[in-house]
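Below, chain A is the first sequence line, B the second, and so on; all start at residue 1.
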2 protein chains.
Amino acid sequence: MNKLELENFLPYHLSITSEMVSRALSKVYADFGVTIPEWRVMVHLNHHGSLTPSQLGVATSMDKARVSRALILMDKKALISRQVDQWDKRVAHICLTDTGKDLFTQIEPEVMAWNACLARDMPDQQHDDLLQALKTVETWCKAQGDSTSEADYDD
Amino acid sequence: MNKLELENFLPYHLSITSEMVSRALSKVYADFGVTIPEWRVMVHLNHHGSLTPSQLGVATSMDKARVSRALILMDKKALISRQVDQWDKRVAHICLTDTGKDLFTQIEPEVMAWNACLARDMPDQQHDDLLQALKTVETWCKAQGDSTSEADYDD
DNA sequence: TGAAATTAGTTTCGATCAAAACTAATATAA
DNA sequence: TTATATTAGTTTTGATCGAAACTAATTTCA
């Protein structure tokens, strides 16, 4: 590629593919009244049992404001409980309530089915390779961000 | 993957990779005071010479409201000109002005360099395979959307 | 001690976006 | 014709988001 065309430009395709997938998948759990941030939080709480908002932020790659908003929503719906830490009153320990666990076990199989369907319809290996390639790009982006010599692409 | 974990969940990685890449790349042309929608419009106008807002929407995968907002911004900055169609006064023909072309030729090499740098740092072939896999997913999503039997992932 | 700096989490603010409502122009068809 | 439907593009509306400001609790260190 010598001249720029959106058609073969990775950032462009990443953006629109991500939007399409998000939109398609969110239909699955929007039926349960759950947003993407809520869903991400649920996955991790279900897996780890109890986490602090900070830990949830790291695990879900969401900033603390977004986590906070998700937790407020989930609180209203009684999907989570908050337990103030005994030693440090700034930190809270978040758990799924029984209601929350219930909801999760309802949604999870639908999401898994959606994902399995996508994977099945892709050429062999392409799905796993895609995942791997995305992680490569993520690592590269982080390395770029850390780099001391900002914005110097043509060494 | 049998139990859901965000770590190996494609939609999750698509979303965060897309965000990271967008953020990193937008630094490149934010220096020129250009947003993502404006940038996409510029690429296509530079390539095709003249397009209507509708055509720009299709080409850039943006809805008409987003295109409209981008054009209003670019108008204020005198990057584009609008020519009302002689036969159908609803449609406009959008062109880059000389100022717009100038700006584009300033930004393009920087963007290309950024992209080349990313591609170079990825294992051989992985960049192209990634692009191809993304297109596969896009096609799949569209097919899902068109499908008559909505939301039937198992069978 | 106790003042200053740090940290966890919430709230505010401004920007952006998609969906829907809307305007103006054109096509259809009665 | 002229009424109705459709189309191109803009504007409004409500939701979401990240950055930054903010509050309260804790740690640092003088």
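Ring orientation note: the planes of A/F104 and A/W39 are close to parallel, at an angle under 30° on the 30°/60° scale.
Per the geometry, CG belonging to B/D63 stands 11 Å off C1' belonging to C/dA20, to the nearest Å. The interatomic distance linking B/L56 (CG) with D/dG9 (C1') rounds to 12 Å, in whole Å. The distance from atom NZ of B/K89 to atom C1' of D/dT7 is 16 Å, rounded to the nearest whole Å. In this structure, B/I72 atom CD1 and D/dT11 atom P are separated by 5 Å, rounded to whole Å. A straight line from CG of B/D75 to P of D/dT11 spans 11 Å, rounded to a whole angstrom. Atom CD1 of A/I94 is separated from atom P of C/dG9 by 7 Å (rounded to the nearest Å). Going from atom CD of A/Q83 over to atom C1' of C/dA8 covers 16 Å, rounded to whole Å. With rounding to whole Å, B/E19 atom CD is found 16 Å from C/dT16 atom P.
Atom CD of residue B/E19 and atom OG of residue A/S61 lie 8.5 Å apart, to the nearest 0.5 angstrom. Remark: B/H13 NE2 to A/L131 CG distance equals 5.5 Å, nearest 0.5 Å. Once rounded to the nearest 0.5 Å, the distance linking OG of B/S15 with CG of B/L10 reads 11.0 Å.
Two residues, B/Q55 and A/R66, neighbour DNA chain D, and the one matched to the more 5' nucleotide by heavy-atom proximity is B/Q55. Comparing A/V91 and B/I36, the nucleotide of DNA chain C nearest to each residue sits closer to the 5' end for A/V91. Positionally, the nearest nucleotide of DNA chain D for B/R69 lies more toward the 5' end than for the other of B/R69 and A/T35.
Counting atom types as modelled, A/R90 pairs a side-chain N or O with a base atom of C/dT7 as donor and acceptor under 3.5 Å.
Using a 4.0 Å cut-off, no side-chain N or O of A/R23 falls inside it from OP1 or OP2 of C/dC17.
When distances are taken from the side chain of A/S54 to each of D/dA24, C/dG9, C/dA25, the shortest belongs to C/dG9.
Note on A/K64: a base of the nucleic acid sits closer than 4.0 angstrom, heavy atoms only.
Between A/K101 and A/E108 there is no salt bridge, since none of the side-chain N atoms of the basic residue sits less than 4.0 Å from a carboxylate O of the acidic one.
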